[in-house]
Amino acid sequence: MPHYKRILLKLSGESLAGDEGYGIDACVVDRYADEIKKALARGAEIALVIGGGNIFRGLSSAAANMDRVQADHMGMLATVINSLAFQDALERKGVFTRLMSAIKMEQVAEPFIRRRAIRHLEKGRVVIFGAGTGNPYFTTDTAAALRAVEIEADVIVKATRVDGVYDSDPEKNPAATMFSTISYLDVLKKNLRVMDLTAITLCRENRLPLVVMNMNAEGNLMRLLEGEGVGTLVDQGGE
Ligand code: UDP
């Protein structure tokens with residue numbers, strides 16, 4: 001048995017952009033798909049939430065003069081584009097997948113139906129949740145936390161560019177130190193911006209463990225499944 005059986009993996013849109021900083025880098029998607037395939041072979045069930053920031057964000061400067069709801073709809077559709085790219089990469093590797101969208105688009109994706117999502121996972125399919133929560137004013141971090149709670153995931157894994165949660169931004173402060181574990185409450189109190197407040201609060205209220213780790217370091221997902229301490233574990237701690 002893997003250390004965590006059912007995993008919800010959250011990938012930011014930006015992580016798919018690779019060095020380009022925009023759009024979808026096929027090599028990155030391919031590499032992540034490989035890691036997911038290995039995790040499935042190890043016996044894990046994998047659900048995915050992919051952001052849209054590499055294409056469009058509701059709060060970006062490109063959307064500055066736009067109606068917020070309209071812009072958020074664009075952002076949610078961007079997550080579907082990323083999800084389709086990811087689905088293609090996984091299927092080409094022989095991994096069975098289902099894309100479920102929070103916004104109805106019958107020709108492209110199944111609607112999100114919780115019981116059906118769980119059934120897909122039990123059958124060994126990777127389930128990709130597209131279109132965020134389907135609501136404006138939310139983020140895909142919150143969508144990830146919500147879906148993870150709904151499908152009763154054992155852990156939510158947030159893939160980042162850095163190795164875990166630090167006391168300050170490691171990309172700006174070379175003296176920043178990483179936590180191996182931290183409580184939800186400390187993340188909130190210290191305003192550590194691991195995920196947005198709604199997402200962290202959902203995790204906390206439902207005692208859903210969150211692991212923040214670097215997906216670019218090859219083998220990290222497998223190390224996590226083997227029970228090795230990878231990245232930062234956020235849980236209730238002493239609460
Ligand atoms: N979005 C939304 N509701 C949701 C999820 C996402 O309106 O439930 C929109 C929002 O505009 C957001 C964009 O989709 O900026 C892309 O998602 P996000 O910024 O979370 O992507 P990431 O930062 O992970 O790439």
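In each ligand, atom 1 is the first atom listed, and ligand 1 is the first ligand listed.
Remark: ligand 1 atoms within the under-4.0 Å shell around heavy atoms of G53 are 21 (O), 22 (P), 25 (O). Residue G52 approaches ligand 1 through these ligand atoms, each under 4.0 Å from one of its heavy atoms: 16 (C), 17 (O), 21 (O), 22 (P), 25 (O). In the vicinity of N135, heavy-atom distances shorter than 4.0 Å reach the ligand 1 atoms 2 (C), 3 (N), 4 (C), 7 (O), 8 (O). Close approach to P136 involves these atoms of ligand 1, each under 4.0 Å from a residue heavy atom: 7 (O). Atoms of ligand 1 lying under 4.0 Å from at least one heavy atom of G13, given by number and element, are 22 (P), 24 (O), 25 (O). Per-residue contacts place G51 under 4.0 angstrom from the following atoms of ligand 1 (heavy atoms of the residue considered): 21 (O), 22 (P), 24 (O), 25 (O).
Other members of the hydrophobic cluster containing L202, listed by chain and number, are L146; membership follows side-chain contacts under 4.5 Å among ILVMFWY residues, whether direct or relayed. Taking a 4.5 Å side-chain heavy-atom cut-off between Ile, Leu, Val, Met, Phe, Trp and Tyr, the cluster of M178 extends to V162, Y166.
Of the possible donor and acceptor atoms, one in the side chain of S83 sits under 3.5 Å from a partner among the backbone N and O of T79.
Remark: R161 CZ is loosely packed, at most 12 non-hydrogen atoms of other residues, nucleotides or ligands lying under 6.0 Å away.
Nearest heavy atom pair, residue C203 against residue I156, reads SG-CG2, 4.1 Å.
Residue, atom and distance of the protein heavy atom nearest to atom 15 (O) of ligand 1 are G58 N, 3.1 Å. Ranking protein heavy atoms by distance to atom 6 (C) of ligand 1, first place goes to F138 O, 3.6 Å. Of the protein's non-hydrogen atoms, the one nearest atom 17 (O) of ligand 1 is T140 CG2, 3.6 Å. The protein heavy-atom contact nearest to atom 7 (O) of ligand 1 is D72 CB, 3.1 Å. Among all non-hydrogen protein atoms, the one lying nearest atom 14 (O) of ligand 1 is G75 C, 3.1 Å. In terms of protein heavy-atom proximity, atom 5 (C) of ligand 1 is closest to T139 C, 3.4 Å.
Comparing L16, T133, V69 by heavy-atom distance to atom 8 (O) of ligand 1, the nearest is T133. When R68, M76, K10 are ranked by how near their heavy atoms come to atom 24 (O) of ligand 1, first place goes to K10. The closest heavy-atom contact to atom 23 (O) of ligand 1, among the options Q70, E14, R57, K158, comes from R57.
Just one residue in the list I103, T140, N135 forms a side chain to side chain contact (heavy atoms under 4.5 Å, CB included) with M76, and that residue is I103. The side chain to side chain contact (heavy atoms under 4.5 Å, CB included) test with I200 singles out one residue from M195, E205, R193, and that residue is M195.
Put simply, no part of A143 is less than 4.0 Å from ligand 1, judged by heavy atoms. Between M74 and ligand 1 there is no heavy-atom distance shorter than 4.0 Å.
Proximity of L210 to V155: side-chain heavy atoms (C-beta onward) are nowhere separated by under 4.5 Å. The shortest distance between side-chain heavy atoms of D141 and K158 falls below 4.5 Å. Residues L225 and I7 form a side-chain contact, since some pair of their non-hydrogen atoms from C-beta on lies under 4.5 Å apart.
With a 6.0 Å cutoff to the six-membered ring centre and a 45° limit on the axis angle, R147 counts as a cation-pi contact of F112.
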